[in-house]
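One structure below.
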Amino acid sequence: MRRPFIAGNWKMNLDRASAIALAEGVVREAGKCEGVDLAVCPPSVYLECVGKALARSSVGLGAQNVYHQKDGAFTGEISAAMLKDLGCRYVILGHSERRHVLGETDEEVNKKVLAALAAGLTPLVCVGELLTEREQGKTDEVIRRQFDRSLAGLTAEQLVQLVIAYEPVWAIGSGKVATPAQAQEVHLDLRRLMEQRYNKEVAQTVRIQYGGSVKPENAADLLALPDVDGALVGGASLKVDQFMGIVAGLKE
Ligand code: PEP
């Protein structure tokens, strides 16, 4: 069985004190939760202090990006080994804001995925269609292209080490959540794709999170879907009660 996994993407929010307070709040509440993996992904400058706040808890630390090179003259970039050194277990890759605001390509995401895996990090690889692409009936095509290109060259052993996050771009930060039917359709299609490209075991092993305006009010319906294995949460991960309210949706 796939263990549910709920991760908070704090994006470029909070300051040092509020990041530590949020992490401490999540740790306090996480002690009451069983049967779920939890992680928070603060801005990179707060990874170290948030990591300290998470110490000795089961809540994992994740970064929001990485650079694919090991080291060298890459001003402003951070390597996978550096993230590992700071205690990171996860790294979000190919988030739609990086793809669509910062121009990151599937090929760049692919290099980052390989670098993260080589350093022993678990990549949370995001895929998702724009509203225009959905309206043109191109959702499957876009998701399949992002999967094939962002994960090019990965062996089955590597694929089962990562997590995929289906995040329809139109649902991110917009308050417009995908319907359970829309989410399940894409998650199932991703599983079929993994079976075609790899095998049934891989398809049944890889966890697929849903992301896009997940809130305590809609979490239970999404998390109950057979092919949804958790959530990647943006806005609602910035408040302890909302984030933990989403986690509580697993039990409903
Ligand atoms: C995200 O950025 O990954 C996300 C899902 O954001 P939100 O929950 O705010 O839509």
Side-chain angles (χ1 to χ4, degrees), residues 4-14 18-19 22 26 36-44 46-47 50 59-66 88-104 109 112-113 116 122-131 133-134 139 142-143 146-147 150 162-180 182-184 186-187 190 207-223 225 228-250:
F5 179 22
I6 300 187
N9 173 11
W10 295 357
K11 310 193 186 189
M12 198 175 74
N13 290 302
L14 307 170
S18 52
L22 178 54
V26 172
V36 55
D37 289 340
L38 297 177
V40 296
C41 305
S44 56
Y46 301 138
L47 281 168
V50 168
V59 182
L61 182 67
Q64 299 175 18
N65 186 28
V66 75
C88 287
R89 209 182 295 171
Y90 306 102
V91 57
I92 299 171
L93 294 175
H95 189 277
S96 72
E97 286 147 20
R98 295 212 59 84
R99 290 178 185 271
H100 298 293
V101 182
L102 296 151
E104 197 163 284
V109 177
K112 292 177 181 202
V113 169
T122 297
L124 313 187
V125 183
C126 304
V127 294
E129 80 288 1
L130 297 164
L131 184 58
E133 292 166 336
R134 174 164 283 271
T139 300
V142 171
I143 301 296
Q146 289 177 340
F147 178 97
S150 302
L162 56 74
V163 174
I164 295 174
Y166 167 55
E167 299 210 312
V169 181
W170 47 271
I172 295 180
S174 64
K176 281 189 218 149
V177 64
T179 63
Q182 286 171 325
Q184 172 58 23
V186 175
H187 283 233
L190 275 163
R207 292 186 289 186
I208 310 175
Q209 297 174 315
Y210 168 79
S213 297
V214 179
K215 305 271 180 276
E217 306 80 65
N218 57 32
D221 287 346
L222 291 159
L223 296 172
L225 297 167
V228 172
D229 305 314
L232 181 54
V233 184
S237 69
L238 295 171
K239 296 262 183 291
V240 177
D241 58 341
Q242 289 204 22
F243 187 59
M244 298 316 294
I246 290 168
V247 178
L250 281 167

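Order of listing sets the numbers, starting from 1, for every ligand and every atom in it. Counting begins at 1 with the first residue of the sequence.
Ligand 1 is approached by Lys11 to a heavy-atom distance shorter than 4.0 Å. Within the 4.0 Å heavy-atom shell around ligand 1 one does not find Ala236.
The two residues Ala178 and Pro168 have their closest heavy-atom pair at CB-CG, 4.3 Å.
Short contacts between ligand 1 and His95, defined as distances under 4.0 Å to a heavy atom of the residue, involve ligand atoms 1 (C), 2 (O), 3 (O). Those atoms of ligand 1 with a heavy atom of Ala171 less than 4.0 angstrom away are 10 (O). Ligand 1 places these atoms under 4.0 Å from at least one heavy atom of Gly173: 7 (P), 9 (O), 10 (O). Those atoms of ligand 1 with a heavy atom of Leu232 less than 4.0 angstrom away are 3 (O), 5 (C). Near Gly212, meaning under 4.0 Å from any of its heavy atoms, are these atoms of ligand 1: 5 (C), 10 (O). With ligand atoms numbered from 1 in the order given, ligand 1 contributes 1 (C), 3 (O), 4 (C), 5 (C) to contacts under 4.0 Å with heavy atoms of Glu167. Here is the list of ligand 1 atoms found below 4.0 Å of a heavy atom in Gly235: 7 (P), 8 (O), 9 (O).
Using the six-membered ring where Trp is involved, Tyr166 and His187 have ring planes that are perpendicular, over 60° apart on the 30 and 60° scheme.
For Asn9, every heavy-atom contact with ligand 1 shorter than 4.0 Å involves the side chain, none the backbone.
Looking only at atom types and distance, the side chain of Arg99 has a donor-acceptor partner in the side chain of Ser150 under 3.5 Å away. Donor-acceptor pairing under 3.5 Å is lacking for the side chains of Tyr90 and Gln64.
Atom 4 (C) of ligand 1 has as its closest protein heavy atom Gly234 N, 3.5 Å.
Proximity of a side-chain donor or acceptor of Glu133 to a complementary backbone N or O of Leu130 within less than 3.5 Å is detected. Of the possible polar contacts, one joining the Gln182 side chain to the Thr179 backbone as a donor-acceptor pair under 3.5 Å is found.
The ring-ring contact (aromatic ring centres under 6.0 Å, His included) search around Phe147 returns none, not counting sequence neighbours.
Taking CG of Leu22 as the start and OG of Ser237 as the end, the distance is 7.0 Å to the nearest 0.5 Å.
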